[in-house]
Amino acid sequence: MTYKQVISELKSLEDKNQAKHLQRFFKTGPGQYGEGDVFLGIKVPIQRQIVKKYFNIPLKDAEKLLQSKIHEQRLVALLILVKKYETSKTDLDKKKIFDVYIKNKKHINSWDLVDLSAPNIVGTYLLNKDRKILYEFANSNHLWTKRIAMLACFTFIKNKETRDTLEIAKILLNDKHDLIHKAVGWMLRELGKRISEEKEEEFLIKYYKKMPRTMLRYAIERFNDKKKKFYMSK
């Protein structure tokens, strides 16, 4: 099996009407975050079926697929990398997948691509390693690189760790993009839900007056009405 077979099968599933809808949904117009992205119009559950069939393609072929201009090809490539990572038998194989991911991060250029891959590959790989790279990513000038840094923390949250989530959220507090605001608020909410609402509130009490409204709304979504009113009345 090769990436050319994946491309061919995805092409056979093209739905032009759905593609038009996705190009609007993912903001592909001039000046929008997904400017110029190209869609075939294939829904994610169907793409996951393709992944099950082709996840054993060589790593170099998955990397070529990730470099495609077509959104679904990039997403399938990332889901293949996730599946390869989950089924890898050795640390060396996992490192190779992580390295391919980091090397090609410029192609991971939409919120769905980041969200469905960064926790599973970057977060999981760094669980027992130095996380300096996440701080470099969080301090970058690139929207999706910053989102990778924040979403990688989802894995740490699932493993009952709070430090890196809170530190990276602090770095991103003053970011201008709403897709970063949403990511930070989401991860703070998950930290409160899965680990400690008290820990989340310690962070919020310190920073809520500085937080963009979208970030704050996402962070307090699970709070009762009284708490929501308190935080939103800044």
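In this chain, numbering begins with 1 at the start of the sequence shown.
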### Query
Does the salt bridge (charged side-chain N to carboxylate O under 4.0 Å, His left out) test come out yes or no for D91 and K95, once each step is laid out?
CA-CA 6 Å; D91 290 341; K95 184 180 187 304; over 6 Å; no
### Task
Measure the acute angle between the ring planes of W111 and F26, then classify it against the limits of 30° and 60° as parallel, tilted or perpendicular.
parallel
### Query
For the side-chain hydrogen bond (donor to acceptor under 3.5 Å, both in side chains) test, which of K69, R74, Q23 pairs with D37?
R74
### Message
Would you say that W144 contacts I108 through its side chain, given a criterion of any heavy-atom pair below 4.5 Å between the two side chains?
### Response
no
### Query
Would you say L143 and R147 make side-chain contact, with heavy atoms under 4.5 Å?
no
### Query
Tell me, do F137 and H142 make a side-chain contact under 4.5 Å, heavy atoms counted?
no
### Message
Within the structure provided, determine whether M211 and L204 are in side-chain contact (heavy-atom separation under 4.5 Å).
### Response
yes
#### Entry: Atom pair CD (E200) and CZ (F223), whose distance is rounded to the nearest 0.5 Å
4.0 Å
### Query
How about Y208 and M232: do any of their side-chain heavy atoms sit closer than 4.5 Å?
no
### Query
Is any side-chain heavy atom of Y218 less than 4.5 Å from a side-chain heavy atom of R189?
yes
### Heavy atoms from other residues, nucleotides or ligands near NZ of K199 exceed 12 (cutoff 6.0 Å)
no
### Message
Quick check: Y85 with F98 (ring centres under 6.0 Å apart)?
### Response
no
### Minimum-distance pair of heavy atoms, taken over all atoms of L113 and H107
CD1-O, 3.8 Å
### Task
Decide, yes or no, whether a salt bridge links D225 with K229 under the criterion of side-chain N to carboxylate O below 4.0 Å.
no
### Task
Dump the intermediate steps for side chain to side chain contact (heavy atoms under 4.5 Å, CB included) on K182 and M215, then the final yes or no.
CA-CA 5 Å; K182 291 174 181 178; M215 185 186 295; over 6 Å; no
### Query
When you measure from the centre of the six-membered ring of F154, is the NZ or CZ of K158 under 6.0 Å away and within 45° of the axis?
yes
### Message
Looking only at side-chain N and O atoms, does Y207 offer a donor or acceptor that is under 3.5 Å from a partner on E202?
### Response
no
### Task
Identify the heavy atoms of K84 and N56 that sit nearest to each other, and give their distance.
NZ-C, 3.8 Å
### Task
To the nearest 0.5 Å, tell me how far N109 CG sits from I148 CD1.
9.5 Å
### Message
Can you give me the closest heavy-atom contact between I80 and L65, atom names plus distance?
### Response
CD1-CD2, 4.4 Å
### Query
Any side-chain heavy-atom pair from F39 and E72 closer than 4.5 angstrom?
yes
### Task
Indicate whether the side chain of Q73 and that of Y3 have a donor and an acceptor atom separated by less than 3.5 Å.
no
### Task
For the pair K60 and E63, find out whether any cationic side-chain nitrogen is under 4.0 Å from an anionic carboxylate oxygen.
no
#### Entry: C153 and its side chain to side chain contact (heavy atoms under 4.5 Å, CB included) partner, picked from L166, V184, T165, L188
T165
### Message
Just so I know, are the side chains of V100 and N104 near enough to count as touching, which here means a heavy-atom distance under 4.5 Å?
### Response
yes
Please table the atom pairs, donor to acceptor, closer than 3.5 Å between any side-chain atom in residues 120-134 and protein atoms at least two apart or in another chain.
from: T124; atom 1: OG1; to: P119; atom 2: O; distance (Å): 3.2
from: T124; atom 1: OG1; to: N120; atom 2: O; distance (Å): 3.1
from: K129; atom 1: NZ; to: Y125; atom 2: O; distance (Å): 3.1
from: D130; atom 1: OD1; to: K132; atom 2: N; distance (Å): 2.7
from: R131; atom 1: NE; to: L126; atom 2: O; distance (Å): 3.1
from: R131; atom 1: NH1; to: E161; atom 2: OE1; distance (Å): 2.6
from: R131; atom 1: NH1; to: D164; atom 2: OD2; distance (Å): 2.7
from: R131; atom 1: NH2; to: L127; atom 2: O; distance (Å): 2.6
from: R131; atom 1: NH2; to: E161; atom 2: OE1; distance (Å): 3.0

